[in-house]
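Data block below; observations after.
Since we're looking at a predicted model, the values are computed, not measured.
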Amino acid sequence: MITGRTALYGVLGHPVRHSRSPEMQAAAFEHHAIDAAYVALDVAPERLAEAVTGAHALGFQGLNVTVPHKRAMVALCEAVDPVAREVGAVNTLRRTERGWEGFNTDAAACLMLLREEGLRPGARALLAGAGGAARAAAWALVRAGTALRIAARRPDAAERLAAELSPLAPEGAPGPVAVPWGELAAEAEVAAAVVNGTTIGLHPGDAPLPLRVRGGQLVLDFVYGETALARAARDAGARLVSGERILVRQGALAFALWTGRAAPEALMAAAVAAPRRAT
């Protein structure tokens, strides 16, 4: 039961009805017997500042931020942690007395999962996209010391992202390079890792990324669900980091930031994997 003592959390996005974060975070709160509720809040881009201010006024203790608000959220935070500042995007908010403190748990989650799957420094990596999620992936790939190629449907966005993140490359590692969107297929052929940081696959009927994956590659898709890229990776025998795994890991990191407690990641993953109740 929600009472006047219940702590409020939520996720801001547009669209957001597909989000599995409410089930995932509810499982974590229940595990720790925390009196809290987590809701999905659909916010149009032009109402974001208003919504963020209103959520603080209403007493929300923490928020996640998803498509398309991650980059815009940076300017709406009272303070931004170093990783989120370097990424240029925020996906997790923690309440402070004066406003919101911004973090990027997407970036940390991506780096952790890539390393867990065996990505090595010097490996060639291809990133599709230059938006909020792609920026987190680019940060992780640069920090991992990969030879990163970035392709975006807006070439200027890929070039800008590569230039912004070049100073973060470890000593001796190559800096990221922007490549044309039309070269995705050729770049994928020689990449050890392929990352989808676009929204391709989020909407029914999306045309798949114009590339082919192969056995042994590491494929990471920020979009969760049975996307064309995820199916292709499984069919080819590639090592897949699914959108669900990223969702759970970044959500576990957010939970720890909010509560100071270790997240029950296995329970959160089970909640995401469970069939959604019909409404």
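- Both Met24 and Tyr224 are part of a single hydrophobic cluster, where members link through side-chain heavy atoms under 4.5 Å apart.
- With salt bridges taken as basic N to acidic carboxylate O contacts below 4.0 Å, none links Glu116 and Arg239.
- Between Arg234 and Glu226 a salt bridge is recorded (basic side-chain N to carboxylate O distance below 4.0 Å).
- Considering every non-hydrogen atom in both Ala130 and Ala152, the closest pair reads CB-CB, 3.9 Å.
- Between the OG1 atom in Thr198 and the CZ atom in Arg153 there is a gap of 5.0 Å [rounded to 0.5 Å].
- No single ILVMFWY cluster, assembled from side-chain heavy atoms under 4.5 Å apart, contains both Ile246 and Leu240.
- Annotation: the span from Phe60 atom CZ to Arg95 atom CZ amounts to 10.5 Å, rounded to 0.5 Å.
- Under a hydrophobic-cluster definition in which Ile, Leu, Val, Met, Phe, Trp and Tyr are linked whenever side-chain heavy atoms come within less than 4.5 Å, directly or via other members, Leu220 and Val87 are assigned to the same cluster.
- Ion pair Arg214/Glu189 not flagged as a salt bridge, since none of the NZ, NE, NH1 or NH2 atoms sits closer than 4.0 Å to an Asp/Glu carboxylate oxygen.
- Nearest heavy atoms, Ala191 versus Gln217: O-NE2, 2.8 Å.
- Atom CZ in Arg231 sits 10.0 Å away from atom CG in Leu229 (nearest 0.5 Å).
- Using modelled atom types, no side-chain atom of Glu101 and backbone atom of Cys77 make a donor-acceptor pair closer than 3.5 Å.
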query = Does the side-chain contact (heavy atoms from CB on, under 4.5 Å) test come out yes or no for Glu187 and Val194, once each step is laid out?
reply = CA-CA 9 Å; Glu187 289 290 341; Val194 175; over 6 Å; no

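- Between Leu165 and Ala138, the shortest heavy-atom distance links the atoms CD1-CB, 3.4 Å.
- Between the side chain of Gln61 and the backbone N or O of Gly59, at least one donor-acceptor pair lies under 3.5 Å.
- Here the shortest heavy-atom pairing between Ala228 and Pro208 reads CB-CB, 3.7 Å.
- Using a distance-only test at 3.5 Å, with no hydrogens or angles considered, no donor-acceptor pair links the side chain of Arg85 to the main chain of Phe103.
- Of all heavy-atom pairs between Ala137 and Leu127, the closest is CB-CD1, 3.9 Å.
- A 4.5 Å side-chain heavy-atom check between Pro68 and Pro45 finds at least one atom pair inside the cut-off.
- Taking 4.5 Å as the limit, every side-chain heavy atom of Thr146 sits out of range of all side-chain heavy atoms of Arg124.
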task = Any chance you could lay out the side-chain contact (heavy atoms from CB on, under 4.5 Å) test for Val11 and Tyr38, step after step, and finish with the verdict?
result = CA-CA 8 Å; Val11 55; Tyr38 185 106; 3.3 Å; yes

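- Side-chain atoms of Thr92 and Asn104 include no donor-acceptor pair closer than 3.5 Å.
- Remark: side-chain polar atoms of Arg149 are not paired, donor with acceptor, to backbone N or O of Val179 under 3.5 angstrom.
- Glu159 has no carboxylate O lying under 4.0 Å from a charged side-chain N of Arg154, or vice versa, which leaves the two without a salt bridge.
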Without placing hydrogens or testing angles, list every side-chain donor-acceptor pair under 3.5 Å for residues 27-36, not counting sequence neighbours.
from, atom 1, to, atom 2, distance (Å)
His32, NE2, Ala262, O, 2.7
Asp35, OD1, Thr6, OG1, 2.9

query = For Trp139 and Leu168, what are the C-alpha separation, side-chain angles and deciding distance, and is it a side-chain contact (heavy atoms from CB on, under 4.5 Å)?
reply = CA-CA 8 Å; Trp139 179 92; Leu168 303 181; 3.7 Å; yes

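- Under the 4.5 Å side-chain criterion, counting only non-hydrogen atoms from C-beta, Glu117 is not in contact with Leu113.
- For the atom pair Thr227 OG1 and Ile200 CD1, the distance stands at 10.5 Å (nearest 0.5 Å).
- Atom CG of Leu8 sits about 7.0 Å away from atom CD1 of Ile2, to the nearest 0.5 Å.
- Counting only heavy atoms from C-beta outward, the side chains of Thr66 and Asn91 never approach each other to under 4.5 Å.
- Counting heavy atoms from C-beta outward, Pro176 and Ser166 have side chains that approach closer than 4.5 Å.
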request  = Dump the intermediate steps for side-chain contact (heavy atoms from CB on, under 4.5 Å) on Leu247 and Arg20, then the final yes or no.
outcome  = CA-CA 8 Å; Leu247 173 71; Arg20 301 304 303 266; 4.0 Å; yes

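- Contact of the Trp100 side chain with the Leu76 side chain is not registered, since no non-hydrogen atoms from C-beta on lie closer than 4.5 Å.
- Leu12 has its side chain out of reach of Val16: every pair of non-hydrogen atoms, C-beta onward, lies at least 4.5 Å apart.
- Leu253 and Val90 sit in two unconnected hydrophobic clusters of ILVMFWY residues. Membership requires side-chain heavy atoms under 4.5 Å apart, directly or through other members.
- Between Lys70 and Asp106 there is a salt bridge, since a side-chain N of the basic residue sits under 4.0 Å from a carboxylate O of the acidic one.
- Atom CZ of Arg47 sits in a sparse spot, with 12 or fewer heavy atoms from other residues, nucleotides or ligands closer than 6.0 Å.
- Distance alone, capped at 3.5 Å, places no donor-acceptor pair between the Glu265 side chain and the Val248 backbone.
- Asp206 places a side-chain N or O within donor-acceptor distance of the main-chain N or O of Gly201, the cut-off being under 3.5 Å.
- Hydrophobic clustering keeps Leu126 apart from Leu218 (ILVMFWY residues linked when any side-chain heavy atoms are closer than 4.5 Å, directly or through intermediates).
- Here the side chain of Arg71 pairs no donor or acceptor atom with the backbone of Gly131 at under 3.5 angstrom.
- Using modelled atom types and a 3.5 Å distance limit, the side chains of Asn64 and Ser21 yield no donor-acceptor pair.
- For the pair Glu164 and Arg135, the salt-bridge criterion is met [side-chain N within less than 4.0 Å of a carboxylate O].
- Remark: the backbone N or O of His69 is not paired with any side-chain donor or acceptor of His14 at under 3.5 angstrom.
- A distance of 12.5 Å separates CG of Leu93 from OH of Tyr9, quoted to the nearest 0.5 Å.
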task = Carefully, step by step, assess Arg94 and Glu78 under the rule salt bridge (charged side-chain N to carboxylate O under 4.0 Å, His left out).
result = CA-CA 10 Å; Arg94 183 170 65 183; Glu78 180 68 23; over 6 Å; no

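- Shortest non-hydrogen contact noted between His18 and Leu202 is NE2-CD1, 3.6 Å.
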